[in-house]
Number of protein chains: 2
Amino acid sequence: MGRHREFDVEKALDAALCVFWRKGYEGASYADLTEATGVERPALYSAFGNKEALFRQALDRYYERYLDYLPKALELPTSREVAAFIMSNAIDLNTRYPSHTGCLGINGVLAGSDEAEPVRQALIDARAVGEMQLRERFERAKAEGDLPETAKPAALAAFLLAVLHGMAVQAKAGFSREALEAVAEQALSAWPTKSA
Amino acid sequence: MGRHREFDVEKALDAALCVFWRKGYEGASYADLTEATGVERPALYSAFGNKEALFRQALDRYYERYLDYLPKALELPTSREVAAFIMSNAIDLNTRYPSHTGCLGINGVLAGSDEAEPVRQALIDARAVGEMQLRERFERAKAEGDLPETAKPAALAAFLLAVLHGMAVQAKAGFSREALEAVAEQALSAWPTKSA
DNA sequence: TGAATTTCATAATGGTCGTTATTAAACCAC
DNA sequence: GTGGTTTAATAACGACCATTATGAAATTCA
């Protein structure tokens, strides 16, 4: 019983996600969030909790709605295809929406005041999970003979993530899709192959 | 005539620079700045102007004091040495001070509220200058025969900067020097050479 | 219809932000 | 010394921050 909720929680979370994407965690104010969601402050609090909880839910949604290409990529047959697929999708994601370029995780909190530290740590942890998955995938590639014996899966995973992060920064700085594709092509040209 | 300034402006700027380095532009408050510099707020205003002006002066100082390896790098004989030297120095800079890891320019403002937009643009512009210098250097390398005819100087410059930005993000996330060196090594392994 | 319950919008909370009056202290030229 | 001038420190400014108390509106069950 009781009064019904008059706004769509899913839509509100999507709108909040875009605000965080564009302005980062601390840069997004409740004035921004209420304007984007069309939902008054108290309603946001009752639906999502405080700002940190709202951001964490937006981050979860970001992974499942926008980073869904990551699990798909890991299933591709070769490590090179994995890397190429991820970079291609990341470029698209980083440049698709002019109003919120780059990556939510990177824009979110690179630096900020001390009270943003828990959120910063959450983003670092999420990044570390992705890195581990990549490393395991490349270890498998090495075991399968897709990667040469000299290949270092951990270094490859770190390298790929570095390029991805760098492209996210460049996208935030206004880089075009074409420029980022040239970066990805250069990164791929270094990819180790089995053939000696 | 008049009373003498009791604090060292240079030292105060250095201290402010470290605060911005660690917390970014918006994340750094005047409470942080006065504590780090030992200078009261009004004195900071009279010496440097407002917060944006202070940040810009800190950024200038950052380039001349910490990024002084960039002009040196451009004078090295080969493009590969240029890239290797820059990455090596960047890794050192990004991990040398545990209290302010990563890069001031990257940490400064990736995202933030709208009023930080002028500062964000200043950082983007500064980055663009560095990219242009790299591109010109690689064009020279191509003309000199150091780089093959198939090499794309603009793409190489963008790629190198992407890796540098990515390493800065990773340093902020706690990456060790060794991990970053593996990333740099992987990036260098892709570097085009004249010999077919 | 009426009591219970949930959501709604308005507005206020204490705190911190960047910025600046204000006043006391220190210095130089005369 | 004294007047003129610059800096120093305290404290205040309005604005905005995240968060929440408050009471009206809306719905369900009895």
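To find a chain, count down the sequence lines: A is the first, B the second, and so on, and within it residues start at 1. Since the structure is predicted, the reported quantities are computational estimates derived from the model, not experimental observations.
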* For every nucleotide of nucleotides 11-22 of chain D, 5' to 3': is a protein heavy atom under 4.0 Å from its base (B), only from its sugar-phosphate (S), or from neither (-)? -> ------SSBBB-
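For A/Arg41, there are no side chain to side chain donor-acceptor pair (under 3.5 Å) partners at least two apart in sequence or on another chain. Not counting sequence neighbours, the partners of B/Ser79 by the side chain to side chain donor-acceptor pair (under 3.5 Å) test are B/Asp146, B/Trp191. Every residue two or more places apart in sequence or in another chain that forms a side chain to side chain donor-acceptor pair (under 3.5 Å) with B/Arg140 is listed here: B/Glu144. Looking at residues two or more places apart in sequence or on another chain, you find no side chain to side chain donor-acceptor pair (under 3.5 Å) involving A/Glu136. Partners of A/Val129 by side-chain contact (heavy atoms from CB on, under 4.5 Å), not counting sequence neighbours, listed by chain and number: A/Gln133. Applying the side-chain contact (heavy atoms from CB on, under 4.5 Å) criterion to B/Ala190, with sequence neighbours excluded, gives A/Gln186, A/Ser189, A/Ala190. Listed by chain and number, the residues in a side-chain contact (heavy atoms from CB on, under 4.5 Å) with A/Asn50 are A/Tyr45, A/Glu52, A/Ala53 (sequence neighbours excluded).
Annotation: side-chain hydrogen bond (donor to acceptor under 3.5 Å, both in side chains) contacts involving residues 108-119 of chain A, sequence neighbours excluded, comprise A/Glu26-A/Ser113, A/Asp114-B/Lys23, A/Glu117-A/Arg120.
The separation between A/Arg5 atom CZ and C/dA9 atom P is 12 Å, rounded to whole Å. Put simply, CZ on A/Phe48 is 14 Å from C1' on C/dT7, counting in whole angstrom units.
Contact check on B/Arg65 versus B/Asp14 returns a salt bridge, with a Lys/Arg side-chain nitrogen under 4.0 Å from an Asp/Glu carboxylate oxygen.
Remark: nothing in residues 8-21 of chain A comes within less than 4.0 Å of DNA chain D through any heavy atom.
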Under 3.5 Å, which protein N or O atoms sit close to an N or O of nucleotides 27-30 of chain C? Give each pair with its distance.
from, atom 1, to, atom 2, distance (Å)
C/dC27, O3', B/His4, NE2, 2.5
C/dC28, OP1, B/His4, NE2, 2.8

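In the hydrophobic clustering, where aliphatic and aromatic side chains (Ile, Leu, Val, Met, Phe, Trp, Tyr) are joined below 4.5 Å either directly or transitively, B/Leu110 groups with A/Ile106, A/Leu110, A/Val169, B/Ile106, B/Val169.
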